[in-house]
Amino acid sequence: TLSFSRSLTLARPLTLYTHTHILRTVNFVVCQLCALLSAFWFRLFLHPSKTSPFIRHVVATLLGLYFALFCFGWYALHFLVQSGLTYGIMILTGVEHMHKYCLLVALSYLSLCQITRVYVFDYGMYSADFTGPMMVITQKITSLAFEIHDGMARKEEHLTPGQKILAIRRMPSLLEYFSYNCNFMGILAGPTSSYNDYIAFIEGDPRRHRDSEADRKSKLRQSEPSPNVATSFFCLLVFLSVCKVFPVERNIDDDFIATMPFYAQVVYLYLSMLTTRPKYYFVWTLADAINNAAGFGFNGYGDDGSPRWDLISNLRILNIELATSFKVFLDNWNIQTAHWLKRVCYERCPYHPTAATFILSAMWHGAYPGYYLTFLTGIVITLAARAVRHNVRPYFLHSPTHKLVYDVITWAATQIAICYTVVPFVLLSVGPSIKFYRSWYFCLHIGCVLLAVALPVKPRHLRLKDQPVLMKCYVFTRKYDCGDSNSRSNRRDIYINPYIYCTWTWSCCPSETCCSSAETNEEGRNK
């Protein structure tokens with residue numbers, strides 16, 4: 001009796017601990033559903049045509065902070081502290097270096113909170129925790145800092161086309177800053193967005209910084225959103241149905257490894273990792289639906305004239321499941337994080353941008369050792385996949401049959417490589433992760449290293465230099481005269497190599513400025 005009583009006493013903290021995490025998860029889902037209802041109300045009753053941007057900023061911020069307090073308690077104060085510290089840095093430091101300081105401080109604060117949560121509180125728990133929203137806020141803070149630096153410290157000619165669109169020309173007010181970081185649509189699960197896109201949404205003029213004047217005048221009316229909530233709950237249903245059928249931990253079970261043939265282990269690995277993805281699909285598609293319901297996410301019109309609401313979408317499920325390369329998978333998984341990594345690190349890192357981007361991603365994700373094993377493995381597999389694509393793929397493009405064979409093989413290889421890479425991401429610890437890789441004899445690590453070394457691939461700056469640059473040019477159906485090419489009517493876009501020459505009937509200029517009709521370049525035309 002004493003032994004049984006003692007067992008109950010020892011088990012009580014674990015039971016309380018489990019119930020606490022279930023309650024946190026339920027709170028998170030309830031808050032997201034409340035945010036979805038609030039988003040419909042926000043769009044209908046606080047529409048930009050009825051309400052000032054000031055009111056929309058205030059309501060979005062207060063609702064976001066309320067949901068954060070309800071879901072995470074007083075831990076939500078970290079959101080304000082992190083945002084406040086970095087805003088002070090933006091104000092007190094010059095625009096020349098503020099992006100570096102903000103990246104350092106925001107990432108350090110996030111890492112400190114992650115280390116504390118992992119090694120002091122609840123190691124290994126996947127339930128909702130306050131560092132999840134901080135990861136999104138970190139993305140927003142650093143993106144904003146780099147965009148302010150681009151708009152206020154760098155010359156226009158030194159910016160890429162994408163940086164020109166997102167560059168910020170004035171310092172945001174404190175209200176705009178907290179509204180951007182802590183609005184109710186994205187404070188719990190994101191996704192991140194550019195500051196210019198968010199402010200354009202609040203002020204009721206979406207895509208004003210992306211579309212030309214002619215395009216905006218021709219399509220003034222924005223269609224009403226239709227949030228795809230059904231997909232979110234279908235993904236949740238799938239996850240709840242199959243998450244326990246194929247546990248990832250079985251991949252490192254001694255009996256499983258000893259008794260199952262290798263091909264069966266490969267199939268089980270794929271199925272076990274496949275069943276972990278629907279929970280991410282649920283969270284991200286629901287977050288996308290919340291933003292769309294509020295009127296945020298309009299991305300213009302497709303080729304068939306249908307409206308697109310994928311401006312800040314975070315994933316494309318079919319593209320993920322049918323990906324035929326490592327890059328395609330990553331480009332469609334956690335899309336806004338991939339954009340953030342590209343804009344903050346990959347495009348700006350002068351040396352080894354691929355490795356630097358994976359390391360930054362590992363630091364941003366958290367303090368679990370498994371994250372670092374995953375992203376270090378990802379570096380090797382990315383380099384090998386790039387080498388294979390550059391050296392092998394051209395031989396399969398001569399006929400549709402060969403291309404189909406190549407696609408089938410690369411699909412299977414990509415799915416297995418992804419599963420192999422992210423096992424440590426799920427297992428979290430070093431020991432189980434190394435045990436899994438040892439059961440596979442580190443075969444993908446060794447094979448990818450050999451491929452990356454054996455198959456030559458030019459460095460990125462040389463590839464960009466050698467490949468033909470495609471410029472967007474404007475073709476006019478009437479007599480050409482100089483001025484702002486974006487304001488011309490009867491225009492259609494084509495892509496050709498950037499030889500500069502102009503005639504009376506059409507022009508092709510690689511910069512925003514136009515050629516005069518007297519600058520006809522016969523040599524360029526012949527080329």
Side-chain angles (χ1 to χ4, degrees), residues 124-127 234-284 315-330 332-334 365 368-382 384-385 388 405-451:
M125 299 303 296
Y126 264 117
S127 62
F234 176 76
C235 293
L236 177 62
L237 181 63
V238 171
F239 174 70
L240 294 177
S241 302
V242 301
C243 64
K244 301 299 183 182
V245 178
F246 301 101
V248 178
E249 291 75 16
R250 195 182 179 198
N251 286 287
I252 57 172
D253 180 74
D254 292 330
D255 292 336
F256 176 79
I257 296 172
T259 57
M260 296 295 288
F262 185 72
Y263 73 87
Q265 294 183 37
V266 172
V267 173
Y268 185 86
L269 172 67
Y270 171 70
L271 294 175
S272 63
M273 300 309 300
L274 178 66
T275 56
T276 64
R277 294 202 279 264
K279 66 179 176 183
Y280 297 101
Y281 295 166
F282 164 70
V283 172
W284 287 336
L315 78 166
R316 302 182 187 96
I317 297 177
L318 286 180
N319 291 356
I320 290 171
E321 300 301 340
L322 301 178
T324 57
S325 73
F326 205 75
K327 182 182 184 300
V328 170
F329 188 101
L330 297 181
N332 291 281
W333 172 271
N334 205 352
H365 272 90
Y368 290 113
Y371 294 167
Y372 289 85
L373 286 175
T374 286
F375 289 107
L376 290 175
T377 302
I379 296 173
V380 178
I381 291 184
T382 299
V388 170
V405 171
Y406 177 84
D407 287 342
V408 171
I409 294 174
T410 53
W411 172 83
T414 297
Q415 297 302 323
I416 297 304
I418 288 290
C419 296
Y420 180 90
T421 302
V422 301
V423 164
F425 195 95
V426 178
L427 297 179
L428 301 178
S429 301
V430 174
S433 302
I434 296 300
K435 181 179 180 181
F436 168 76
Y437 283 147
R438 190 183 297 118
S439 70
W440 279 56
Y441 304 100
F442 293 91
C443 59
L444 263 66
H445 286 88
I446 297 172
C448 288
V449 169
L450 293 176
L451 287 172

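By convention here, the first residue in the shown sequence is residue 1.
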From Ser439 OG over to Phe262 CZ, what is the distance, rounded to the nearest 0.5 angstrom? 8.0 Å
Working to the nearest 0.5 angstrom, can you tell me the gap between Leu450 CG and His445 NE2? 13.0 Å
Are the side chains of Asn334 and Trp284 in contact, using a 4.5 Å heavy-atom criterion? yes
Contact between Thr275 and Phe239 at the side-chain level, heavy atoms closer than 4.5 Å - yes or no? no
Ser325 side chain to Val328 main-chain N or O, any donor-acceptor pair under 3.5 Å? yes
Phe375 side chain reached by Phe425 side chain, heavy atoms, under 4.5 Å: yes
Does any part of the side chain of Tyr368, heavy atoms only, come nearer than 4.5 Å to the side chain of Leu427, both counted from C-beta? no
Could you tell me whether a side-chain N or O of Tyr437 sits under 3.5 Å from a main-chain N or O of Tyr420, the two making a donor and an acceptor? yes
At what distance, to the nearest 0.5 angstrom, does OH of Tyr280 lie from CD1 of Ile317? 14.5 Å
Check whether any side-chain heavy atom of Asn251 sits under 4.5 Å from a side-chain heavy atom of Val423, and report yes or no. no
Rounded to the nearest 0.5 Å, how far does CG of Leu274 lie from CD1 of Ile418? 12.5 Å
Could you check whether atom CZ of Phe234 has more than 12 heavy atoms from other residues, nucleotides or ligands sitting under 6.0 Å from it? no
Can you list everything that forms a salt bridge (Lys or Arg N to Asp or Glu O under 4.0 Å) with Asp253? Sequence neighbours excluded, please. none
Within the distance-only criterion (no hydrogens, no angle test), does the side chain of Thr374 pair as donor or acceptor with the backbone N or O of Thr421 below 3.5 angstrom? yes
Residue pairs involving residues 414-440 (criterion salt bridge (charged side-chain N to carboxylate O under 4.0 Å, His left out); sequence neighbours excluded): Asp254-Lys435
Short question: side chain of Gln265, backbone of Met260 - any donor-acceptor pair under 3.5 Å? yes
